[in-house]
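A quick write-up on the structure given underneath.
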Amino acid sequence: GTVVFTLENEVTKVSEELTISDNTLSNGINWIRFTKTVENNQRFVLKVTDDNGVLYRCKIFVTNQEVQDYNKTKGYLTYE
């Protein structure tokens, strides 16, 4: 069947079907590449489906923080 990649914004609940520009299988891992314009702090749900239902689902969080300094509460929570 047809495999569909859908990206849903967690806040607006707007979903869009992704166009996959590259799909590579390497060492048992399926790497996909797509282009999407995003903004800092956006949250998405990526869902991969086929004719039988959901194959995979994960959450994506967009940040402009450097990987070494990443903190999911940076700018949201402060401790005194």
Compare every heavy atom of N40 with every heavy atom of N64, then report the nearest pair and how far apart it is. N-OD1, 2.9 Å

Could you give the distance from CD (E8) to CD (E16), rounded to the nearest 0.5 Å? 11.0 Å

Which heavy atom of T19 sits nearest to which heavy atom of F34, and what is that distance? O-CB, 3.6 Å

Counting only N and O atoms by type, is there a donor-acceptor contact under 3.5 Å from the side chain of S21 to the main-chain atoms of R33? yes

Can you name the residues that form a side chain to side chain donor-acceptor pair (under 3.5 Å) with Q42, not counting sequence neighbours? none

Contacts table for residues 55-62: side-chain donor-acceptor under 3.5 angstrom, sequence neighbours left out:
from : atom 1 : to  : atom 2 : distance (Å)
K59  : NZ     : E10 : OE2    : 3.0

Quick one: name the residues clustered hydrophobically with I29, using the 4.5 Å side-chain heavy-atom rule over I, L, V, M, F, W, Y, and just say none if it's on its own. W31

What is the minimum heavy-atom distance between L46 and L18, and which atoms define it? CD1-CD1, 3.8 Å

Quick one: do F5 and L7 end up in the same hydrophobic cluster if we chain Ile, Leu, Val, Met, Phe, Trp and Tyr together by side-chain heavy atoms under 4.5 Å apart? yes

Side chain to side chain contact (heavy atoms under 4.5 Å, CB included) between R43 and V11, intermediate numbers included: CA-CA 7 Å; R43 296 173 187 270; V11 174; 5.7 Å; no

Between atom CG of N41 and atom OG1 of T63, what is the distance when rounded to the nearest 0.5 Å? 6.5 Å

Is there a path from I32 to V38 through hydrophobic residues (I, L, V, M, F, W, Y) whose side chains come within less than 4.5 Å of each other? yes

Does the pair V3 and V48 meet the rule for a side chain to side chain contact (heavy atoms under 4.5 Å, CB included), with working shown? CA-CA 7 Å; V3 176; V48 182; 3.5 Å; yes

Side chains of K47 and V54: closer than 4.5 Å at any heavy-atom pair? yes

